[in-house]
Amino acid sequence: MNATEHLKTQGTENLTAIAEQFTLQGKVTNVQAFGSGNINDTFLVSLDSSKEQHFVLQRINTQVFRQPQLIMQNMRIYTEHVRKRLQCTPLSRRWEVPRVLLTKDAQDHWKDAEGSFWRAISFIEGSQSLDTMSDRSYAKEIGYALGMFHNLISDLPPEKLADTLEGFHITPLYLQHYEDVLAKTSPRQTPEVNYCLQFVSDRKVWAHILEDAKAQGKLPLRLMHGDPKINNVMFDTATHQAVSVIDLDTVKPGLVHYDIGDCLRSGCNPVGEETEKWGNVYFDTELCKEILEGYLSVAKAFLTENDYLYMYDAIRLIAFELGLRFFADYLAGNVYFKIKHPEHNLARALVQFKLSESIESQETAIRKIIQDMK
Ligand code: GN1
Ligand code: MG
């Protein structure tokens with residue numbers, strides 16, 4: 001059930017009552033479905049308070065995040081760390097970190113009668129997100145936002161945060177899951193399905209590349225965001241500057257390469273990941289250049305020679321991996337990602353595979369962009 005369906009079946013009354021658990025001042029005046037998340041249900045709550053006018057209310061999908069209290073624990077450690085750092089060394093421009101809002105009983109979540117896990121996060125006022133790169137001038141800002149995010153946690157030891165989602169971005173494990181699903185299903189042999197089957201099969205050996213580099217000690221375990229796609233960056237509505245990175249559920253130990261790959265696979269696909277016209281999907285190298293420039297303007301200090309060496313593979317891999325995850329979920333009967341129609345995950349997989357193809361066909365150019373920017 002998505003947030004809109006939730007609104008329909010539960011009604012605003014019930015949601016208002018849940019939102020009120022988190023309101024320390026003011027009255028809830030409105031609750032509406034918000035954003036386009038594929039996992040959790042998200043609502044924007046409006047208040048009649050003069051202090052805080054909105055906050056974000058979320059029902060965590062506990063089928064995916066089996067230990068939601070660990071997410072809240074990570075979020076509190078992360079926000080605390082960054083707030084302290086910003087206090088010691090203030091930035092010369094606006095940068096905000098979402099705050100965890102507590103309930104009236106000072107808890108960081110609330111469980112409803114059905115056992116659903118609800119939490120509230122501050123809304124970054126005067127800001128907005130984009131679902132696609134509608135205006136190229138945002139590209140550098142998106143890179144800057146990810147760089148700033150990595151920069152601000154680069155001195156927090158990775159082991160301070162818990163693993164909130166085991167196996168997340170471990171491509172060999174997604175391949176294993178895909179094989180298991182495939183062994184139990186006999187998908188309809190349409191041209192699209194056959195294309196996907198072949199696409200995955202041709203890239204199986206290469207798909208271990210980042211995990212191998214990690215195991216060989218070439219890429220260190222660091223803290224990462226986990227999901228820095230375009231619509232998780234907030235822009236100031238007046239200045240159009242990036243002011244925050246939101247969606248902190250997957251902030252945990254990992255490789256910064258997962259983030260670099262995810263940010264680029266998302267930001268350099270001008271038609272967006274939800275397009276039905278997968279024939280129009282391509283990887284825009286100009287956008288890639290801009291995003292990387294923005295990223296490196298704040299991240300250069302902690303990157304090593306090997307980090308640059310694996311950047312191209314990270315871009316190619318994360319697009320491939322997301323396609324694989326969508327395709328496996330389609331084959332499994334759509335049990336992980338929320339869908340709007342039965343073929344939705346197949347369409348999403350095709351978009352990511354087409355994007356991977358476009359990345360592969362421009363390998364030399366992309367490697368050159370990375371090389372020239374070191
Ligand atoms: C999911 O729910 P959302 O939209 O924040 C997914 C990401 C994918 C993304 C693709 C926990 O994120 O890994 O990249 O969809 N999150 C999880 O849009 O699996
Ligand atoms: Mg997310």
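Whatever order the structure lists ligands and atoms in, that order sets their numbers, starting from 1. Only heavy atoms go into these numbers, but all of them, side chains included; no hydrogens, no water, no symmetry mates. The first residue of the sequence shown is numbered 1, and numbering continues consecutively from there.
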Notebook entry, point to check: Ignoring hydrogens and geometry, is there a side-chain-to-backbone donor-acceptor pair from T185 to V181 under 3.5 Å?
Noted result: yes
Margin query: Which option wins on minimum heavy-atom distance to atom 19 (O) of ligand 1: Y336, F326, F168?
Written below: Y336
Check: If you count the atoms of ligand 1 from 1 in the order shown, which ones are under 4.0 Å from a heavy atom of K229?
Finding: 3 (P), 4 (O), 9 (C), 10 (C), 12 (O), 15 (O), 18 (O)
Item checked: Of the N, O or S atoms in D227, the one nearest the Mg ion (ligand 2) -> OD2
Note to self: Within the 4.0 Å heavy-atom shell around G37, which atoms of ligand 1 are there?
What the structure shows: 2 (O), 4 (O)
Check: Under the 6.0 Å and 45° cation-pi test, does R203 pair with F199?
Finding: yes
Margin query: So for ligand 1, is H169 a polar contact partner (N or O within less than 3.5 Å, distance only)?
Written below: no
Notebook entry, point to check: Backbone or side chain, does D249 get an N/O/S atom under 2.8 Å to the Mg ion (ligand 2)?
Noted result: no
Note to self: Test your reading of the structure: does D227 have an N or O sitting under 3.5 Å from an N or O of ligand 1?
What the structure shows: yes
Item checked: Donor-acceptor under 3.5 Å (D329 side chain, F326 main chain) -> no
Notebook entry, point to check: Relative to F302, does R222 satisfy both conditions: NZ or CZ under 6.0 angstrom from the six-membered ring centre, and within 45 degrees of the ring's axis?
Noted result: no
Margin query: Please classify the D247 to ligand 1 contact at 4.0 Å (heavy-atom distances, strictly less than): side chain, backbone, both or neither.
Written below: side chain
Check: Looking at R76, R119, R99, which one forms a salt bridge (charged side-chain N to carboxylate O under 4.0 Å, His left out) with D108?
Finding: R76
Margin query: Between S129 and N232 (side chain of the first, backbone of the second, donor and acceptor by atom type, cut-off under 3.5 Å), is there such a pair?
Written below: no
Margin query: Using a 4.0 Å cut-off to any heavy atom of L165, which atoms of ligand 1 qualify?
Written below: 11 (C)
Item checked: Distance from atom 2 (O) of ligand 1 to nearest protein heavy atom, with residue and atom -> N38 N, 2.9 Å
Next item on the list: Keeping the roles fixed (side chain from T103, backbone from D105), state whether a donor-acceptor pair exists under 3.5 Å.
Entry: yes
Check: Does F65 reach ligand 1 with a nitrogen or oxygen that is under 3.5 Å from one of the ligand's nitrogen or oxygen atoms?
Finding: no
Margin query: I want to check something: taking the side chain as every heavy atom from C-beta on, are R316 and Y312 in contact at a cut-off of under 4.5 Å?
Written below: yes
Check: Sub-3.5 Å donor-acceptor pair from the side chain of H225 to the main-chain atoms of D247, do we have one?
Finding: yes
Next item on the list: Check whether any side-chain heavy atom of L161 lies under 4.5 Å from a side-chain heavy atom of I77, and answer yes or no.
Entry: yes
Check: ligand 1 and N232, any nitrogen or oxygen pair closer than 3.5 angstrom?
Finding: no
Margin query: Can you name the atoms of ligand 1, numbered from 1 with element, that are less than 4.0 Å from a heavy atom of E273?
Written below: 10 (C), 18 (O)
Next item on the list: Heavy-atom distances under 4.0 Å are what count here, so tell me which part of D249 touches ligand 1: side chain, backbone, both or neither.
Entry: neither
Margin query: Among the N/O/S atoms of D247, which is closest to the Mg ion (ligand 2)? Give the atom name.
Written below: OD2
Margin query: Against ligand 1, does R325 come closer than 4.0 Å with any heavy atom?
Written below: yes
Item checked: Main-chain N/O of T29 paired to S46 side chain as donor or acceptor, under 3.5 Å -> no
Note to self: Check contact between R265 and ligand 1, using heavy atoms of the residue and a distance below 4.0 angstrom.
What the structure shows: yes
